[in-house]
Amino acid sequence: MIIVAMVFAIIFGYELRYLHHQNRKKRTKRIVVGMVLFCFLSFEALYYFRDSFQFAKVIEYVFHPMEKFIIWRGENE
């Protein structure tokens, strides 16, 4: 996790340096900072809840009703 935090810090520093050299507005800088923080916190949350939250279960929850419908339609034809 330390490596991930260091990678995000490097990306964050690079982005801020780029925005400063390109004379971007404060609003743009806030958007970039917010996006980096959002991505970092999302990654940390996924890592922390990795045992209880699995992306495959989310996909199964979303697409299972369609799968049941397709199988049902195939059996009734």
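For this chain, numbers begin at 1 and follow the sequence in order.
Remark: the backbone N or O of Phe38 is paired with a side-chain donor or acceptor of Ser42 at under 3.5 angstrom.
Residues Val62 and Ile59 are members of one and the same hydrophobic cluster, defined by side-chain heavy-atom contacts under 4.5 angstrom among Ile, Leu, Val, Met, Phe, Trp and Tyr. Ile11 is not connected to Leu37 by any chain of hydrophobic side-chain contacts under 4.5 Å among Ile, Leu, Val, Met, Phe, Trp and Tyr, and they are in different clusters. In the hydrophobic cluster analysis, where Ile, Leu, Val, Met, Phe, Trp and Tyr join through side-chain heavy atoms closer than 4.5 angstrom, Ile31 is grouped apart from Tyr14. Criterion: ILVMFWY side-chain heavy atoms under 4.5 Å apart, direct or through other members. Under it, Val7 and Val4 are not part of a common hydrophobic cluster.
Using a 4.5 Å heavy-atom cutoff, the side chains of Val33 and Leu16 are in contact. Annotation: side chain of Met35 is not in contact with side chain of Glu15 (no heavy-atom distance under 4.5 Å).
Taking CD from Gln22 and CZ from Arg17, the interatomic distance works out to 10.5 Å, rounded to the nearest 0.5 Å. Here the straight-line distance linking atom CZ of Phe8 with atom CD of Glu44 works out to 8.0 Å at 0.5 Å rounding.
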Requested in this report: Evaluate the side-chain contact (heavy atoms from CB on, under 4.5 Å) criterion for residues His20 and Lys29: first the C-alpha distance (whole Å), next the side-chain angles of each, then the deciding distance (0.1 Å), finally the verdict.
Outcome: CA-CA 9 Å; His20 180 71; Lys29 291 179 184 177; 4.2 Å; yes
